[in-house]
Amino acid sequence: MKTIKFGIIGAGLMGREFASATSRWCHLTEINAKPELVAVCDKNPALYPWYQNNFPTIKQITAEYKELLANPEVEAVYCAVPHNLHEQIYCDIIKSGRHLLGEKPFGIDKKANDAIMKCIKEHPGVIVRCSSEFPFYPPMQRIGHLLETDFFGALIEVNSGFLHSSDLNPMKPINWKRMIEFNGEYGCMGDLGMHACHFPFRAGFIPKNVRAVLSKLVKERPGKDGKMVPCITWDNATLLCEVEDKQFGHSFPLTIKTQRIAPGETDTWYFEVKGMKGCAKWTSKNPRRLELLEYNGGDQAVQQIDMGYETAFKTITGGIFEFGFTDSILQMWASFVTEITEGKPKGKFVSCVTPEEAALSHKLFTAALESWKNSSTVAL
């Protein structure tokens, strides 16, 4: 089995999730390569002991990412840093010849993303992908298979979203994701939007235009010293897009919703397709349940299918057991490692976000800002 040596730049929440996934790699039963964590970079030394205590393969701990990129052992990098750092660090990783799995949104704004895209084109031998775990849940994999058939017929509408309620408390202290200089003008769209866009974009549902409704519900939050400071990023966004159904020659609405303030939602993904012949719906609130409706002229009855551990990359887990978030991370990383070693994904819906899809999200979010500003529908 081939070993790919990884470095992590940004050792916080998602860096630890990746590191943990490398320890679970034996869970996968049919894969020809594995990641090995050899280097970690973060400005916060308080994060170092967890890595040092749990990963004896790590030979380098540093506060400077350029020192990690100078390490000849490092072949690929996972980078999870604030959005304002994406352009510089992502481009430096790509220029160093390391494969990159980066966090969304691939640049704080469209200008930054354009620079990253230019760098990618100048280094065609580097595999670059963006993180999104959403499609790897078994019901979403099943919906992907259905989209490759004629199950749905002419499309009526598609709805996709990512909701959570972590900012419902107005006294929650501010963090970098609520500061425009770090998170960007997109606000919740930059932070959450790629998760809601990944599957529609992969299905070929490309927006022609957008009408956006954006909300700033909490205008200020406590700072580090307890004093109230401005909170000026967008909390919630609803994007109504028009998409052309080329097969049937009409347009249908695609609604993309991202919310930091969604009462009752802890961390909810959802996806729904309605067609003239069939419909499908899934939400992570009930992660194993897939709802399907097939219409043949009679009664319109919704099936509720409780799916088991039916994954794109096979594992030791029995098929009757339930799939969870850490499993989706392992599947996503299996996809990225497969693309590095084989040069292509296992399937259309078994792949991480491509740079082109990330660039399309920037085009959409930039148009959404213009739409809200001018109360207009903006063409993409």
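All heavy atoms count here, side chains included; hydrogens, waters and symmetry mates do not.
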Query - Note: R288-E322 ion pair, threshold 4.0 Å (strictly below) - result: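 Yes.
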**Report entry** Ion pair E339/K346, N-O distance below 4.0 Å
**Finding:**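 Answer for the salt bridge query: no.
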Report task. Find out if a path of hydrophobic residues (ILVMFWY) with successive side-chain heavy-atom gaps under 4.5 Å connects L13 to L101. Result ->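 Same cluster.
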Query raised in the report: Among the clusters formed by ILVMFWY side chains lying less than 4.5 Å apart, do L146 and L155 turn up in the same one?
Result: yes
**Report entry** Atom NZ of K110 with >12 non-hydrogen neighbours under 6.0 angstrom
**Finding:** no
Query raised in the report: Any chance the rings of F6 and F18 have centres within less than 6.0 Å?
Result: yes
Report task. Please confirm whether F199 and F349 have ring centers closer than 6.0 angstrom. Result ->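 Ring-ring flag for F199/F349: true, centres closer than 6.0 Å.
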So how far is it from [X] [atom1] to [Y] [atom2], rounded to the nearest 0.5 Å?
X    : Y    : atom1 : atom2 : result
L240 : N209 : CG    : CG    : 8.0 Å
L364 : M194 : CG    : CE    : 9.5 Å
L163 : H195 : CG    : NE2   : 12.5 Å
R98  : H123 : CZ    : NE2   : 12.0 Å
I143 : Y137 : CD1   : OH    : 13.5 Å
K43  : L47  : NZ    : CG    : 13.5 Å

Query - Short side-chain to backbone donor-acceptor contact, W282 and W269, under 3.5 Å - result: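 Checking the backbone N and O of W269 against the side chain of W282, no donor-acceptor pair under 3.5 Å is found.
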Report task. Spell out, as yes or no, whether a donor-acceptor pair under 3.5 Å connects the side chain of T57 to the backbone of V38. Result ->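 Side chain of T57 to backbone of V38, a donor-acceptor pair under 3.5 Å: no, none is there.
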Report task. Check each of F365, Y186, Y90 against F106 using the ring-ring contact (aromatic ring centres under 6.0 Å, His included) test, and report the only one that passes. Result -> Y90
**Report entry** side-chain contact (heavy atoms from CB on, under 4.5 Å) between D327 and R24, worked out
**Finding:** CA-CA 10 Å; D327 301 302; R24 296 180 64 216; 3.2 Å; yes
**Report entry** Y51-D42 side chain donor-acceptor pair, cut-off 3.5 Å
**Finding:** no
Requested in this report: Answer yes if the side chains of T233 and R260 hold a donor-acceptor pair under 3.5 Å, and no otherwise.
Outcome: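 Checked: T233/R260 side chains pair up, N/O donor to acceptor below 3.5 Å.
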Requested in this report: Run the numbers on D235 and K216 for salt bridge (charged side-chain N to carboxylate O under 4.0 Å, His left out), then give the verdict.
Outcome: CA-CA 5 Å; D235 292 306; K216 290 180 183 176; over 6 Å; no
So do the side chains of [X] and [Y] get within less than 4.5 Å of each other, counting heavy atoms only?
X    : Y    : value
D167 : V218 : no
V353 : M332 : no
L330 : F313 : no
E294 : Q303 : yes

Requested in this report: For the pair H164 and L192, evaluate side-chain contact (heavy atoms from CB on, under 4.5 Å) and give the outcome as yes or no after the intermediate values.
Outcome: CA-CA 10 Å; H164 63 70; L192 309 176; 3.8 Å; yes
Requested in this report: Give me the one residue out of E357, E356, E148 that meets salt bridge (charged side-chain N to carboxylate O under 4.0 Å, His left out) with R202.
Outcome: E357
Query - CA sep, side-chain torsions, deciding dist, call: E75, K5, salt bridge (charged side-chain N to carboxylate O under 4.0 Å, His left out) - result: CA-CA 5 Å; E75 301 173 82; K5 295 185 178 182; over 6 Å; no
Report task. Assess whether side-chain contact (heavy atoms from CB on, under 4.5 Å) is satisfied between F182 and I108, documenting all intermediate values. Result -> CA-CA 8 Å; F182 302 112; I108 195 170; 6.0 Å; no
Requested in this report: If the plane angle is over 60° it's perpendicular, under 30° parallel, otherwise tilted; pick one for F252 and F205.
Outcome: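 Judged by the thresholds at 30° and 60°, the geometry between F252 and F205 is perpendicular.
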Query - side-chain contact (heavy atoms from CB on, under 4.5 Å) between K34 and W25, intermediate numbers included - result: CA-CA 7 Å; K34 65 178 181 180; W25 209 255; 3.3 Å; yes
Requested in this report: Start with the C-alpha gap between E265 and K285, add the side-chain angles, then the distance that decides, and say whether salt bridge (charged side-chain N to carboxylate O under 4.0 Å, His left out) holds.
Outcome: CA-CA 8 Å; E265 309 291 348; K285 289 176 78 72; 3.4 Å; yes
Report task. Test K118 against D114 for salt bridge (charged side-chain N to carboxylate O under 4.0 Å, His left out), laying out the working first. Result -> CA-CA 6 Å; K118 181 176 182 292; D114 288 345; over 6 Å; no
